[in-house]
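Remember, it's 1-based here, ligands and their atoms both numbered in the order they're listed.
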Amino acid sequence: MSLASKALPALHPIKSLPPGFKVNGNLTRDLMESRGDAKLRSSCLVGSTSPENVADVSEESQDDAGGTSLFNEDIAYSGKAVLFEDRTSIADEDLESVPLPFQTISVSSRESRWSDTTPSVSKKKLQSWFQLPNGNWELAKLIATSGTESVISLPDGKVLKVKQDSLVSANPDILDGVDDLMQLSYLNEPSVLYDLQYRYNQNMIYTKAGPVLVAINPFKKVPLYGNNYIEAYKRKATESPHVYAITDRAIREMIRVIIYIFSGESGAGKTETAKIAMQYLTALGGGSGIEYEILKTNPILEAFGNAKTLRNDNSSRFGKLIEIHFSETGKISGANIQTCRFSSV
Ligand SMILES: Nc1ncnc2c1ncn2[C@@H]1O[C@H](COP(=O)(O)OP(=O)(O)OP(=O)(O)O)[C@@H](O)[C@H]1O
């Protein structure tokens, strides 16, 4: 199935890192070089210091004598392909019960889902990512493998014979929509794109990549901001990845200096994300009134320094280094904003 068309099951965060957890590749490079859905290319990284006609593959159906190798029970975390159980699509579930981005999943539900992975070979199929000539990734089902070649079936029913090394490991369904990319057993381009898209389709535009926050520009209003959310993150009522969460952690742990680095291509959402972080900082450290003055500098600076470009209607034409000073009691006492010009357009 393609990244764009995969049905959306409800979110199933995982309990903990699976045994044999490993990381392959370079996230930043993968994200930057990714070629998935166009919207997924608009990602902003924030850091702070602080299936049809597919034959079921079962052990019984494989024939060693015929040169077809078998996939063993441990392959999910150790091999090229993974075993998975049939997933329930969102269409099969009660839409009302789909969790909001804000909700957390109880440990018991996570555990029962986790224990569902108990081997049941007859129910399992094999799948890997396969990149089509047009760059799209498809979740291919493995029918057979022999030597360096595999026979795969694509969601549109096509059956192809491909080189085994052209297949990219897919993660088990249990890892669908994890809120930290580091939890993926296989950290590769299609798996990262799939996770980000899975979450994005449920308005969860923020995903952690270890200490880094990945923000997908929604290009629309998403119900993730405002006083209720600020309050919830202040009270630690949710652990969903968010600029508020990373800001909250930074401000509580600092508490001397917080440095945010917003990186991403033009139009990725750096400026907006920085403003959201400032909104949280001012909500936490407000009281003197100066916080409103700091926030009001944004439209003034943008009026002088932003311009419409092909990529962004409100593109910053200068860089900003914003210092917000806090008193010992944790209240905002002042700010200093330095601007610098970009050397190239
Ligand atoms: N969190 C968000 N929610 C809704 N819309 C957003 C969000 N982030 C960005 N956008 C939309 O994307 C547009 C571009 O974002 P922004 O100006 O922050 O990009 P940028 O990375 O700073 O670009 P540049 O480098 O060109 O200045 C915004 O004007 C806004 O319409």
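- Within the listing of ligand 1, atoms 24 (P), 26 (O), 27 (O) sit less than 4.0 angstrom from a heavy atom of S315.
- Per-residue contacts place E265 under 4.0 angstrom from the following atoms of ligand 1 (heavy atoms of the residue considered): 21 (O).
- For the pair E189/V168, no side-chain contact is recorded, criterion being any heavy-atom separation below 4.5 Å from C-beta on.
- For N217, every heavy-atom contact with ligand 1 shorter than 4.0 Å involves the side chain, none the backbone.
- Not a single heavy atom of K275 sits less than 4.0 Å from an atom of ligand 1.
- With ligand atoms numbered from 1 in the order given, ligand 1 contributes 14 (C), 19 (O), 20 (P), 21 (O), 23 (O), 24 (P), 26 (O) to contacts under 4.0 Å with heavy atoms of G267.
- Hydrophobic clustering, defined by side-chain heavy atoms of Ile, Leu, Val, Met, Phe, Trp and Tyr closer than 4.5 Å, groups F304 together with I300.
- Between K234 and E231, at least one side-chain N (NZ, or NE/NH1/NH2) sits under 4.0 Å from a carboxylate O, which counts as a salt bridge.
- Within ligand 1, the atoms closer than 4.0 Å to a non-hydrogen atom of F219 are 12 (O), numbered from 1 in the order shown.
- Between E138 and K158 no salt bridge is recorded (no basic side-chain N to carboxylate O distance below 4.0 Å).
- Contact analysis leaves R311 out of contact with ligand 1, as no non-hydrogen atom separation drops below 4.0 angstrom.
- Set against the non-hydrogen atoms of Y225, the atoms of ligand 1 under 4.0 Å away are 1 (N).
- The part of P218 lying near ligand 1 is the side chain, judged by heavy-atom distances below 4.0 Å.
- The proximity of K221 to ligand 1, defined as any non-hydrogen pair under 4.0 Å, does not occur for either the backbone or the side chain.
- Between D165 and K163 there is no salt bridge, since no side-chain nitrogen of the basic residue lies less than 4.0 Å from a carboxylate oxygen of the acidic one.
- Residues L167 and V162 are in side-chain contact: their nearest non-hydrogen atoms beyond the backbone lie under 4.5 Å apart.
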